[in-house]
**Q** 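Input: one structure, supplied below.
Predicted model, so just to flag it, every value in this text is computed and none were measured. Atoms within each ligand, like the ligands themselves, are counted from 1 in listed order.
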Amino acid sequence: MIGRLNHVAIAVKDLEKSISLYRDTLGAKVSAPQAEPAHGVTVVFIELPNTKIELLQPLGENSPIAKFLEKNPDGGMHHLCYEVEDIIAARDRLKATGARVLGDGEPKIGAHGKPVLFLHPKDFNGTLVELEQV
Ligand code: CO
C-alpha cells in the first residue's frame with residue numbers, strides 16, 4: 001500500500017539557523033520558507049536526490065509542534081511521510097485494522113498542495129506517520 005518515502009520531517013526552533021546548516025554546511029538545495037497557518041508551521045524543503053527533508057518551525061500560538069520542541073529543545077525527527085495512491089482507501093484499510101487516524105479523520109491539504117493524513121505514533125513504533133496522496 002505505501003509507496004515512496006516522500007520526506008522526513010525535522011522540527012526546529014530556529015529555521016534560519018537550520019537552513020544555513022543544510023545549505024551552507026551540508027551543501028543541499030533548500031526551498032524558500034513557506035508559511036502554513038492552517039498547520040501551525042513554517043516549512044522549508046531540502047531536496048535530496050532520493051527524497052526530501054522537511055524542516056518545520058512553529059507558527060502561531062497553538063502550533064502542534066510547540067510541545068514536541070519543549071520535549072526536544074535541540075529539535076528532532078518529527079514524522080515520516082509515505083506516499084499512497086488513494087488516501088481514502090489507505091485510511092479505510094488502516095482504520096479497519098484498528099490504527100488511529102489523527103484529527104477528524106478527513107484528509108487535509110498538506111505543504112505540497114496534496115491531501116494528507118497523520119497516523120497515531122503509538123500504532124507505528126513511536127513514529128508519527130504522514131500519508132500523502134500523490
Ligand atoms: Co510532512
**Q** Could you tell me whether the side chain of T51 and the main chain of L5 form a donor-acceptor pair under 3.5 Å?
**A** yes

**Q** Just to be sure I understand the site: which N, O or S atoms from the protein are less than 2.8 Å away from the Co ion (ligand 1)?
**A** H7 NE2, E54 OE1, H79 NE2, E130 OE1

**Q** Taking only residues two or more places apart in sequence, or in another chain, which ones meet E106 in a salt bridge (charged side-chain N to carboxylate O under 4.0 Å, His left out)?
**A** R91

**Q** Can you list everything that forms a side chain to side chain donor-acceptor pair (under 3.5 Å) with Q34? Sequence neighbours excluded, please.
**A**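 Side chain to side chain donor-acceptor pair (under 3.5 Å) check on Q34 returns E36.
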
**Q** I'd like to know if the side chain of H7 pairs up with that of E132 as donor and acceptor (distance under 3.5 Å, no hydrogens or angles considered).
**A**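 On atom types as modelled, these side chains do not qualify, holding no pair under 3.5 Å.
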
**Q** Just grab all the salt bridge (Lys or Arg N to Asp or Glu O under 4.0 Å) pairs involving residues 113-128, residues at least two apart or on different chains.
**A** R100-D123

**Q** Would you say the side-chain atoms of D14 pair up with the backbone N or O of E16, donor to acceptor, closer than 3.5 Å?
**A** yes

